[in-house]
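For reference, the structure is listed below as structure tokens.
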There are 2 protein chains.
Amino acid sequence: MLNYKELDRAYQALGDVTRRAMVEHLTRGPATVSDLARPLPMSLPAVMGHLKVLEESGLVTSRKQGRVRTCQVEPRMLSQAERWIAERRQMWEANLDRLGEYLGEGNAK
Amino acid sequence: MLNYKELDRAYQALGDVTRRAMVEHLTRGPATVSDLARPLPMSLPAVMGHLKVLEESGLVTSRKQGRVRTCQVEPRMLSQAERWIAERRQMWEANLDRLGEYLGEGNAK
DNA sequence: TTTATAGTTAAGCATTTTCTTAAGTATCAG
DNA sequence: CTGATACTTAAGAAAATGCTTAACTATAAA
């Protein structure tokens, strides 16, 4: 399960173009910090900041070997964020169905 | 389709417990501003602020009749936010499959 | 050993976010 | 008309974000 703080962090992390670009990059495979930074229009420390947010959200993990840090997507957290939305949408649809039945009965149709 | 600014707004909107609570409330059916505010530990103007964020993100819409404003979830935007994550997850899985094939061939298994 | 690479930390600054209280406006009810 | 209700706006404080440059550490290469 996912507590509200984890969800906060995951959605906040995704609420930034730069970090979504990083996630998208990592879905094509693992990458180093420099790999992630190369296409981005900002300094390396700025990228590090975004990486920290992504790691704290659980969407990304990384390990350092020698002087190179390699980053990966964490698909589990991706799924969990996906699921929260999916569940709310389903809840809304279920409600809509119930309303439909009610109107259907009321109007004898 | 969804441009990056819309996605920004949608995920930023979901990246806050209060606003997720409001969305959750609205998945059980339409509600007025006061309905939304009642369970929340903050002032009405603060709730209005959150509502504004939700409306600007396209996740919620509202209409005013007389002095009462009624709010609704907008399931389309919910779906679109869901889809972005789903697509990245699938991208990652496809990549993993390709890696699996590669390793499979390499190891003659 | 010297130099280049890859990443990290720290300080500082502008902007945005999230909340407050106070003071409105526009219905609706009596 | 008078007061209560439902929201709305504005001003402002405190904290969080997102970036910069400068300085530093650890590793690898020459």
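Note on naming: letters A, B, ... go to the chains in the order of the sequence lines (proteins, then strands), and numbering restarts at 1 for each one.
Computed from coordinates, the A:Met48 CE to D:dT17 P distance equals 17 Å when rounded to whole Å. Counting to the nearest Å, the P atom of D:dA6 and the CG atom of B:Leu36 are 14 Å from each other. A:Arg69 places its CZ atom 12 Å from the C1' atom of D:dA26, with the value rounded to the nearest Å. The interatomic distance linking A:Lys52 (NZ) with D:dC19 (P) rounds to 15 Å, in whole Å. Between A:Lys64 atom NZ and C:dT5 atom C1' the separation is 11 Å, expressed in whole Å. In this entry the distance linking CG of B:Leu44 with P of C:dA22 reads 16 Å, nearest Å. One interatomic measurement links the two molecules: CZ of B:Arg63 to C1' of D:dT8, which rounds to 20 Å at whole-angstrom precision. Rounded to whole angstrom, the span from the CG atom of A:Leu51 across to the C1' atom of C:dT9 amounts to 15 Å.
The environment of A:Arg28 atom CZ is dense: over 12 non-hydrogen atoms of other residues, nucleotides or ligands sit within 6.0 angstrom.
The phosphate of D:dT17 has neither OP1 nor OP2 within less than 4.0 Å of any side-chain N or O from B:Gln12. The shortest distance between the side-chain N/O atoms of A:Arg67 and the OP1/OP2 oxygens of C:dA4 is not below 4.0 Å. Of the side-chain N and O atoms in B:Ser43, one or more sit less than 4.0 angstrom from OP1 or OP2 of C:dT20.
Checking A:Thr32 against B:Pro41, the closest nucleotide of DNA chain C that is more toward the 5' end is the one next to A:Thr32. Residues B:Thr70 and A:Met42 both approach DNA chain D. Their nearest nucleotides, taken by heavy-atom distance, put B:Thr70 toward the 5′ side.
Contact check on B:Arg89 versus B:Glu93 returns a salt bridge, with a Lys/Arg side-chain nitrogen under 4.0 Å from an Asp/Glu carboxylate oxygen.
In the model, B:Arg69 has a side-chain atom that pairs as donor or acceptor with a side-chain atom of B:Ser62 under 3.5 Å.
In this structure, of C:dC19, D:dG18, D:dT8, it is C:dC19 that holds the atom nearest to the side chain of B:Thr18. The side chain of B:Pro45 has D:dA10 as its nearest neighbour among D:dG18, C:dG7, D:dA10. Closest to the side chain of A:Val33, out of C:dC19, C:dT8, C:dT18, is C:dT8.
Ring geometry for A:Tyr11 versus B:Tyr11: interplanar angle under 30°, hence parallel rather than tilted (30 to 60°).
Residue contacts for B:Gln65: at a heavy-atom cut-off of 4.0 Å it reaches no nucleic acid atom on any strand shown. Across all strands shown, A:Gly66 has heavy atoms under 4.0 Å from sugar-phosphate atoms exclusively, and none from any base.
With B:Thr61 as reference, B:Glu74 is the one residue of B:Glu55, B:Glu74, B:Gln72 to meet the side-chain hydrogen bond (donor to acceptor under 3.5 Å, both in side chains) rule.
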